[in-house]
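Reviewing the structure listed below.
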Amino acid sequence: MIFDSHAHYDDEQFDIDRTELLGSVLPSKGVEGIIDMSSSYESIEKVMKLTEDYPNIYGAVGIHPENAKNLPEGWLEYVENCASNKKIIAIGEIGLDYYWEDACPRDIQKDVFIAQVELANRLNLPISVHDRDAHGDTFDILRKYRPRGVVHCFSGSVELAREIVKLGMYIGVGGVVTFKNARHSVDVVRDIPLDRLLLETDCPYLSPVPMRGKRNDSSNIAYTATKVAEIKGISITEVLESSRENIRTLFGI
Ligand code: NI
């Protein structure tokens, strides 16, 4: 009963075995649903194709902050057109990344993020937010525009997580919570109610322990769910069911 709220199966790391993985390996390991996130303008088409090829893969279209520079004329209209497809259920992943600031200056990142938040609001779609080393500006924009959605792979403090939840948004929990140095993430999972937590991989990146360092895939959510269950003192089944229910509610699946 694994539902992955944030994955990148369009990534080239899956080129060698994507068909077997999505067609048989993952379903045999209990993966029943995946939301695949586009990250660049070019990746949108790949995400759309995956949602056509596999009934249990849903898609999000949008431009990641790292790829927000030099977008072609009419990019926002393109995103809007793609979002009208019924398997496209969110705008993502979008946000701010001041760690990779060299890839794209902050003012361009903000413009592209805000344009996509406004688009999501206009289309009444949730968003999947990427926030790396940009907590202040990300939160200011979320507070101002009040989109529905999730802050994926949440890396902020408990206080910030509470503020995000107050806005009606969800907190994305990935493999990082299993890392030894994950004090912050563990505290956030302990504090935030189960009905506001979504499980995710961000695969092929961020494999949970004991798979850390290897290519990640949605079946590894079992390890993340085990850690969340341990932190909250509940069963793994309860964690997986709750996350799946939250994903269905937020994304209207
Ligand atoms: Ni991602």
Side-chain angles (χ1 to χ4, degrees), residues 2-15 18 21-22 26 31 33-48 50-51 57-68 79 82-83 88-101 103-104 109 112-113 116-117 120 125-135 138 142 147 149-156 164 169-179 182 185 188 197-208 211-221 223-224 243 247 250-251:
I2 290 172
F3 210 121
D4 188 349
S5 63
H6 189 114
H8 299 279
Y9 284 104
D10 51 291
D11 192 282
E12 61 186 18
Q13 287 190 51
F14 292 110
D15 284 354
R18 185 178 294 107
L21 199 62
L22 295 175
L26 293 182
V31 177
I34 293 163
I35 304 177
D36 205 67
M37 296 280 149
S38 58
S39 48
S40 62
Y41 186 84
E42 294 73 27
S43 73
I44 290 175
E45 201 180 332
K46 296 181 190 164
V47 170
M48 304 280 293
L50 284 175
T51 68
I57 297 190
Y58 301 85
V61 292
I63 313 288
H64 186 287
E66 216 182 307
N67 301 311
V79 172
C82 294
I88 301 302
I89 47 146
I91 301 296
E93 67 178 281
I94 61 175
L96 300 174
D97 193 321
Y98 294 168
Y99 183 82
W100 293 112
E101 204 176 345
C104 180
Q109 289 192 31
V112 169
F113 181 33
Q116 294 181 100
V117 171
L125 286 174
I127 61 175
S128 185
V129 180
H130 172 101
D131 161 19
R132 187 165 186 196
D133 294 354
H135 299 323
T138 302
L142 297 178
V150 52
V151 178
H152 112 84
C153 231
F154 183 80
S155 59
I164 303 259
M169 297 185 74
Y170 291 78
I171 301 294
V173 182
V176 173
V177 75
T178 67
F179 296 178
S185 301
V188 166
L197 300 179
L198 303 186
L199 295 175
E200 61 165 79
T201 55
D202 203 22
C203 67
Y205 311 105
L206 296 173
S207 281
M211 309 306 269
R212 194 172 179 182
K214 297 189 179 136
R215 188 185 72 174
N216 200 4
D217 69 52
S218 304
S219 67
N220 290 333
I221 278 187
Y223 299 111
T224 307
S243 171
I247 291 168
L250 173 61
F251 296 103

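Atoms within each ligand, like the ligands themselves, are counted from 1 in listed order. Below, all heavy atoms of this structure are taken into account, side chains as well, without hydrogens, waters or symmetry copies.
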Atom of D202 nearest the Ni ion (ligand 1) (restricted to N/O/S, atom name only): OD1

Close side-chain approach of I35 and F3, heavy atoms under 4.5 Å: yes

OE2 (E93) - the Ni ion (ligand 1) - NE2 (H6) angle, nearest 10°: 90°

State whether H8 contributes an N/O/S atom found under 2.8 Å from the Ni ion (ligand 1). yes

Side chains of V176 and L206: does their closest heavy-atom pair fall under 4.5 Å? yes

Regarding Y9 and S218, is there a side-chain donor-to-acceptor distance under 3.5 Å anywhere? yes

Is a side-chain donor-acceptor pair under 3.5 Å present for Q13 with H8? no

